[in-house]
Every structure is written in structure tokens, then in C-alpha cells.
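All values derive from a computational prediction rather than experimental measurement. Lettering of chains follows the sequences in order, A, B, ..., and the numbering in each one begins at 1.
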2 protein chains.
Amino acid sequence: MITSTEEDYIKAIFNISQRGKKELVGTNQIASQMSTSAASVTDMLRKLDKKEMIIYEKYKGVKLSPLGTIKAMTLLRKHRLWESFLVEKLGFAWDEVHDIAEQMEHIQSTELVNRLDKYLGYPKFDPHGDPIPDAQGTITIRNQVSLSSLQTGDKGMVVGVKKHDKDFLNHLNQVGINIGTELEIILKYDYDQSIKLNINNSNEALLTAAVCENIFLKKFS
Amino acid sequence: MITSTEEDYIKAIFNISQRGKKELVGTNQIASQMSTSAASVTDMLRKLDKKEMIIYEKYKGVKLSPLGTIKAMTLLRKHRLWESFLVEKLGFAWDEVHDIAEQMEHIQSTELVNRLDKYLGYPKFDPHGDPIPDAQGTITIRNQVSLSSLQTGDKGMVVGVKKHDKDFLNHLNQVGINIGTELEIILKYDYDQSIKLNINNSNEALLTAAVCENIFLKKFS
DNA sequence: AATTATATTTAGATTTGTCTAAAAATAAAG
DNA sequence: CTTTATTTTTAGACAAATCTAAATATAATT
């Protein structure tokens, strides 16, 4: 059996290796991601290595084993399906569901996850636009670009966000940006890469480069 | 904060005190209910006493404090709402949901529970016929009698069961008994109190006294 | 009331996950 | 190619929840 804590480490390793370019993940990276000490991480890496969830080489770093990767995909699947449930069925806002889903993803029952998936109509993306792995662990890749990469005159529709914390999502709510929102770049300032844009053909807004980096769009060709 | 383990102890104490006549619950009772040692129970009782969840007197026994009672009702509410969700929305059978709900009841979020309650239409009883406490902890009492107490000729409708384990519920499935099933006592044998009955005005079945004890009915006057 | 039986608690040890501080290995800089 | 800085691991300790075995308290029985 895998404990809830072990699952959290697997998830952290997966997340870090997704966003970084490097093959191996470092002890300190995991420690800061999980707000714990490097020593605790080392202890856990030993344990996960013995359980064959990771490939671990002292002082070098760590990566998920095939078994660990499957575990990570299952956790991602559960997390994103529960987020979808909370938003679609219970009416939560997209900035309220992360912490609850964080608890629900640890519930052990394959049957439960698969029935939930069916009940939700086999969604391909969660409320933040992240792809939901299917029962086989397969993910639907979408043709998306960062808002940062668009230029003056470009148009597109918001399909996802990179950050999931309350503060960031709340800011988007205030500006009027959501999944499905249509954007048109009125002007991109060379000075600081901030972007003035038109939202759903009505409001205007100015976004900093830091915000733009975290918004994904499907570009209208 | 209350840990998941502490919650399990609170639930056990509540359950034992419900089914027994005595005011105080003993250490050994809790130990056997939770499949653990008496020594572990003593340790935990100290802890729960310090947290003012229980009233504990060495060698005498234990009972829930007002705070502990509220905790127990909340857990019951969560457990039964999740069981309802699993059966009503995800299509699980009533004998498959206990273990999953046992995990889900530990999820911390009052908002989640209340939204779930609303989503389910504020049900008063769960799939086993047990009453679901509302947000204030109030329980709807139902006018029910044990099948054991009925006599030849009596009629009634099944509204609940006392045992929730898979084997027992599976047996009822096989016999054709469910919540809502109508029963008529054809004959109650004096010898061993076993009962021959008619199910939904069609099939016949013979139930032992041990089984009858665990079935609750609303008696037709 | 003394003795036996049962129930409960204490003592001491174990496991899991965590910590701080110190040591060792690797990477970076001169 | 040393020296310095950074990263990682080890050593030792702690809190939570558990265990077994031994001691103590309560209940039951003669």
C-alpha cells in the first residue's frame, strides 16, 4: 500500500519534472515544493526507491519509475475529476476547489474514479483547462500557446491557466477572464511586455507580463 | 485540529453508546470495535480527554462531551451523505458504499458537505435507511419496528437495516429485500422465531431470527 | 471477606514522518 | 587545481499512533 504522504511526494516529483527541463529532480526542489526539510525528503526518497516508485541515485537526483508515473497519472486523474465535480455539479468557483480536491485525490477506489468519470461525461479538461488522464493514463494534448507569445492584433480563446492559487485566479475573475473567454491583443508594450487587450469584445484590460505567462490560449489563425 | 484517527475513535464511542444501554463505554469495547489493543485505546482516551472531546474517568469508562457529540453527528452526516451520493448519483449498490464513505467522511470542508446536501435534495435517510443529521445536527426520527417484533399476519415496508456489512446486505439482495420492499408475515415459527414471509406480493422466503433482528419496517396498521 | 477472573492502565519499544545541526559530496569560482 | 559555495546526506531526536508484556484496579464468585 501507498500512504497519503508518499502520494504527495510522487505528485511533487511529477510536477517539478513537468515544469523543469532537467531529467532529474533535486532534493532541495522537492523540499521547497512541499515546504519541508531536505533531510525529510532524503528519508522519503529512500523509502520510495525501495518501493520502486522512483529511480534514485544519491547526490544525483531522482525521477519517477514506470510504476511511479502510473501512480502520478492516477493522482492527476483523480484530482482533476474531483475538481470538475466540485465546479460542474456542486457549483464551486474555480478558485475554491484546489484544497478540497487535494484531499479527495487520496481516496482509494478505482471503481469510484471510473464511475465519477462516467458521471461527469468523460471530461477531457478540468475547470482550469488542465487535461484529465483517462482510465489508461492517456492525456489529450491541446494546441495551446501562452498569452505572452501573442503579438498586437492576435486573437484567441482562453483554454487554461498555469497557476492555480486563489490569489491569481481571483485576479483573473476581477479582470473578467475565465476558461472560454475571447481575447484580442490591442497593444503589446515593448518596454515591459505588458499587454493591453479586449475581453469578449467588450471590456478592456491591461495585464503584466507575469500574468500573461500563466494564461494559455487557443490562437485564432 | 482533529486527526483522522481521533475521528475514528469518536465515531466508535458514539456507535457503541448508541447500541448499548449503558451510559459509559468501556476501553475493551472500543478496542474490539476498532480492532486494536486496549493499551492503544487508553492512550487515545487521554488525548481526546485533554482535547475535551470526551469525559473520561480512569477505570470507569468514557462518554462523549457536547463537543464530541457534535463531532460525531458531523461525521455521521458526512458518511451518510456520501453514501447517498454514491448510490443515487454514481449507481453503486447499497452493499458497496460503506468502505468508500468511510474514507470520504474525513474530508474537511463544511462548505463541501452543505453543498453536497443541497445537491442531493436534502435527503433525510441514507441508502440503508439511516437518518441523516441536518446542518444543525438534528435527526429525523422514524416510526420503525424490528421485523422480529411482527406476528403472523402483520404487514409492513422495509425502511432500514441494522447491519451494514457486505455479507448481510448481499444476503438480503439474494432474498429480494431492499429499502421499500413490502413484506407480509405468513407464519412465525414459535420453535426458533424464524419467519416465513411474502415479498412484494410475489415471492416467498424464510428468514432466521438473527436476520429478522436486523431489518426495520414501517408497520402497516 | 478472600480469592479468582476480568478490565484497564502503565512501562517500554516500534514505526512513520518529521526536525535541526553537522558532515560529506558535488558544483562553481578564482 | 585549490578554495568557496551549494546541495545533499547522515546523525540523533521528537511526536503520533501503535504494540506486547507486566502491573494494578475493579468485578464476580465462592
_Nearest to the A:Ala39 side chain among C:dT18, D:dT8, C:dA21, which nucleotide is it?_
C:dA21
*Over how many whole Å does the gap from B:Leu45 atom CG to C:dA7 atom P extend?*
16 Å
_Could you tell me how far apart A:Met1 (CE) and C:dT16 (C1') are, to the nearest whole angstrom?_
15 Å
*Whole-Å distance between D:dT20 P and B:Asp43 CG?*
13 Å
_Between C:dT16 (C1') and A:Asp8 (CG): distance, integer Å_ = 14 Å
*asked:* From the set C:dT8, C:dT18, D:dT18, return the single nucleotide nearest to any side-chain atom of A:Tyr9.
replied: C:dT18
*Any side-chain N or O of A:Thr27 less than 4.0 Å from the OP1 or OP2 oxygen of D:dT9?*
yes
*Mind checking A:Lys58 for me? I need base, sugar-phosphate or nothing, with any heavy atom below 4.0 Å counting as a touch.*
sugar-phosphate
*Do B:Lys11 and B:Glu105 touch side chain to side chain, with heavy atoms closer than 4.5 Å?*
yes
*Select from A:Ser40 and B:Val41 the residue whose nearest nucleotide in DNA chain C is closer to the 5' end of that strand.*
B:Val41
*Within the structure, does a side-chain N or O atom of A:Tyr56 lie under 4.0 Å from either OP1 or OP2 of D:dT8?*
no
*C:dA7 C1' sits how many Å from B:Lys22 NZ, rounded?*
13 Å
*asked:* Are the side chains of A:Leu112 and A:Lys78 in contact, using a 4.5 Å heavy-atom criterion?
replied: no
*Round to a whole Å and report the spacing from CD of A:Gln29 to P of D:dT9.*
13 Å
_Side chains of A:Met53 and A:Tyr9 in contact at under 4.5 Å (non-hydrogen atoms)_ = no
*Are OP1 or OP2 of D:dC19 and a side-chain N or O of B:Thr36 less than 4.0 angstrom apart?*
yes
*asked:* What is the distance, to the nearest angstrom, from the NZ atom on A:Lys60 to the P atom on D:dT6?
replied: 22 Å
*Are OP1 or OP2 of D:dT6 and a side-chain N or O of A:Asn28 less than 4.0 angstrom apart?*
no
*Between D:dT8, C:dT9, C:dT18, which nucleotide gets closest to the side-chain atoms of A:Thr42?*
D:dT8
_Phosphate contact (C:dT18 OP1 or OP2) by A:Ser37 side-chain N/O below 4.0 Å_ = no
*Hey, which sits more toward the 5' end of DNA chain C by its nearest nucleotide, A:Met34 or A:Tyr59?*
A:Met34
*Report yes or no: is the cationic atom of B:Lys89 (NZ for Lys, CZ for Arg) under 6.0 Å from the centre of the six-membered ring of A:Phe85, at an angle within 45° of the ring normal?*
no
*For A:Met44 and D:dT8, what is the distance between atoms CE and C1' respectively, to the nearest whole Å?*
17 Å
*Check whether any side-chain heavy atom of B:Ile54 sits under 4.5 Å from a side-chain heavy atom of B:Asp49, and report yes or no.*
yes
